[in-house]
Asks: 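The structure under discussion is supplied below as C-alpha cells; questions concerning it will follow.
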Number of protein chains: 2
Amino acid sequence: MYICVMYSSELIKGTLKTIVLNLLKDNDKMYGYEITQKVKELTDSKIQITEGALYPTLHALEKQGDVTVEKVYIGKRVRKYYILTDQGVTTVADRVNELSDFMKTMRFLLDLDSSVQNV
Amino acid sequence: MYICVMYSSELIKGTLKTIVLNLLKDNDKMYGYEITQKVKELTDSKIQITEGALYPTLHALEKQGDVTVEKVYIGKRVRKYYILTDQGVTTVADRVNELSDFMKTMRFLLDLDSSVQNV
DNA sequence: ATTAATACCTAAGAAATTTAGGTATTAATT
DNA sequence: AATTAATACCTAAATTTCTTAGGTATTAAT
C-alpha cells in the first residue's frame, strides 16, 4: 500500500488537449474511458483525467476538426472511438513542440538543469 | 526585427505562483513591476506576465503567508518589495519539486526524451 | 509639451477545469 | 439472486485562474 500523490490541479491545466491528441497519435483510435485509464496507468496515477474535463474536450476537438468519431456498439453499450484527422496530426505536432519548448524555458527559469538531483 | 512568439496562455496557467516564488528565492526582494520585466528578459519575451495576473497573485501569496511586504518610497512613487517568509521558502521548494516532477512525467507521456531534436 | 516608462491597482469577462450530479450496461462479489 | 464495482457515456453549476480593459499617478525621455 502506498499513498498516491496527484499533481495539484493547476499544473495539469492547459495540457489536457495536448495529452489527448498525443495519445491518439500513438494509438490510431481510442475511446474516452480508455483515455482516462491509459493516462492513469502511464503516469502511475499521478495524472487522473476527470470525465467532466475529458468529454467536453473531446467534443471541442471534434468541433474544431482535429478528430473524427466512430461509434461502435459493444452489445448494447456504445463506445465512441476518436481518430485523428490530417489536421489533427498537424495540431499534435504543433502542440507538442510548443509544450516541449515551454518546459525547456521553465527548466531554465527555475534553474533546474544545474541541479544535481534530476530524479 | 523579429516576431515574438509567446506561448499560448493555457500553458502558462498554473505556473505563475511557482515562477514568482522562485524569483523571490533567488533575489531576496523584488517588486511587482521588476518581476514582470525580469521574467520577460529571462525568457526572451516568450513569457510575459500581465499585471492583471501578477498583482492578485502577489496579494494571495501575502495572504497565505509565503511573502511579506516592505514599502519603499522612491521620491513620491511607492514600491512594494516582496520578501519570502520561512514558510515561503518551504513552499518554493515544494512547488518547484512538483513542477519538475510533473514536467518529467509529461516528457515521458509525450515521449519527448526519445526524440532526437531536443533543441 | 507630449509621449513613454515606471509603478501601483481593480473588476468584468473568458476559459478550463472541478464537483456533483445523471443514465445505462456488464462483470464481479456476497 | 441481489448488490456492488466497473465500464461507458453525458451535462451543468460553481470555482479557479487568467485576460482584457480599464484606472491613478510619478518620473524620464523626446
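Everything numeric in this text was worked out from a predicted model, so none of it was measured. Residue numbering restarts at 1 for every chain, and letters A, B, ... go by the order of the sequence lines.
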Asks: If you assign each of A/Gln37 and A/Leu58 to its closest nucleotide in DNA chain D, which residue comes earlier from the 5' end?
Replies: A/Gln37

Asks: Please tell me if B/His59 has a side-chain N or O lying less than 4.0 Å from either OP1 or OP2 of C/dT10.
Replies: yes

Asks: What integer distance in Å separates B/Ile12:CD1 from C/dA16:C1'?
Replies: 15 Å

Asks: Which residue lies toward the 5' end of DNA chain C, A/Gly14 or A/Glu51, if each is placed at its nearest nucleotide?
Replies: A/Gly14

Asks: Between A/Lys13 and D/dC18, is there a contact of a side-chain N or O with OP1 or OP2 at under 4.0 Å?
Replies: no

Asks: A/Glu34 near the nucleic acid: base, sugar-phosphate alone, or nothing, with a heavy-atom cut-off under 4.0 Å?
Replies: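 Nothing: the residue A/Glu34, judged by heavy atoms under 4.0 Å, touches no strand.
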
Asks: As a test of reading the structure: which of D/dC9, C/dT17, C/dT10 is closest to the side chain of A/Val78, going by heavy atoms?
Replies: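 That would be D/dC9.
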
Asks: What is the distance from OH of A/Tyr82 to C1' of D/dA8, rounded to the nearest Å?
Replies: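 Rounded to whole Å, this separation is 11 Å.
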
Asks: Is the shortest side-chain N/O distance from B/Tyr31 to OP1 or OP2 of C/dC8 below 4.0 Å?
Replies: no

Asks: So does B/Glu34 get a backbone contact from the side chain of B/Gln37, meaning a donor-acceptor N/O pair under 3.5 Å?
Replies: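 Side chain of B/Gln37 to backbone of B/Glu34, a donor-acceptor pair under 3.5 Å: no, none is there.
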
Asks: Quick check: closest heavy atoms across A/Pro56 and A/Glu51, and the distance to 0.1 Å?
Replies: CD-O, 3.9 Å

Asks: Closest to the B/Tyr33 side chain: D/dT20, C/dA5, D/dC9?
Replies: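 Side chain of B/Tyr33 sits closest to C/dA5.
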
Asks: Is B/Tyr55 linked to B/Ile83 within one hydrophobic cluster, defined over Ile, Leu, Val, Met, Phe, Trp and Tyr using a side-chain heavy-atom separation of less than 4.5 Å?
Replies: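 Different clusters: B/Tyr55 never reaches B/Ile83 through Ile, Leu, Val, Met, Phe, Trp or Tyr contacts under 4.5 Å.
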
Asks: Could you tell me how far apart A/Ile47 (CD1) and C/dT17 (C1') are, to the nearest whole angstrom?
Replies: 14 Å

Asks: State plainly whether one hydrophobic cluster holds both A/Leu21 and A/Val89, where clusters connect Ile, Leu, Val, Met, Phe, Trp and Tyr through side-chain heavy atoms under 4.5 angstrom apart.
Replies: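 A/Leu21 and A/Val89: one cluster.
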
Asks: Check this for me: B/Lys38, atom NZ, are more than 12 non-hydrogen atoms of other residues, nucleotides or ligands nearer than 6.0 Å?
Replies: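 No, NZ of B/Lys38 has 12 or fewer neighbouring heavy atoms, counting only those of other groups under 6.0 Å.
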
Asks: With respect to the phosphate group of D/dC10, does any side-chain polar atom (N or O) of A/Lys80 fall under 4.0 Å of OP1 or OP2?
Replies: yes

Asks: Quickly work out the B/Glu62 CD to C/dC9 C1' distance and round it to whole Å.
Replies: 14 Å

Asks: Rounded to whole Å, how long is the line connecting atom CZ of B/Arg79 with atom P of C/dA5?
Replies: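 After rounding, the reported distance stands at 17 Å.
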
Asks: How would DNA chain D look in dot-bracket form, 5' to 3', counting Watson-Crick and G-U wobble pairs with both distances under 3.5 Å and writing | for bases paired to another strand?
Replies: ||||||||||||||||||||||||||||||

Asks: With a non-hydrogen cut-off below 4.0 angstrom, is A/Gly52 in contact with a base, only sugar-phosphate, or nothing?
Replies: base

Asks: From C/dT10, D/dC9, C/dT25, pick the nucleotide closest to the side chain of A/Lys76?
Replies: C/dT25

Asks: If you find the nucleotide of DNA chain C closest to A/Ile49 and the one closest to A/Arg77, which residue's nucleotide is nearer the 5' end?
Replies: A/Ile49

Asks: Can you measure B/Glu41 atom CD to C/dT6 atom C1' for me and round it to whole angstrom units?
Replies: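 Value for this atom pair: 16 Å.
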
Asks: Out of D/dC18, C/dC8, D/dT11, which has the shortest distance to the side chain of A/Pro56?
Replies: D/dT11

Asks: Rounded to whole angstroms, how far apart are OH on B/Tyr55 and P on D/dT17?
Replies: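 About 20 Å, once rounded to whole Å.
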
Asks: What I want to check is whether the side chains of B/Thr43 and B/Tyr7 have a donor and an acceptor closer together than 3.5 Å.
Replies: no

Asks: State the CG-OG1 distance between A/Leu110 and A/Thr105, to the nearest 0.5 angstrom.
Replies: 10.5 Å

Asks: Salt bridge between A/Asp101 and B/Lys46, side-chain N to carboxylate O under 4.0 Å?
Replies: yes

Asks: In whole Å, what is the span from the CD1 atom of B/Ile74 to the C1' atom of D/dA28?
Replies: 15 Å

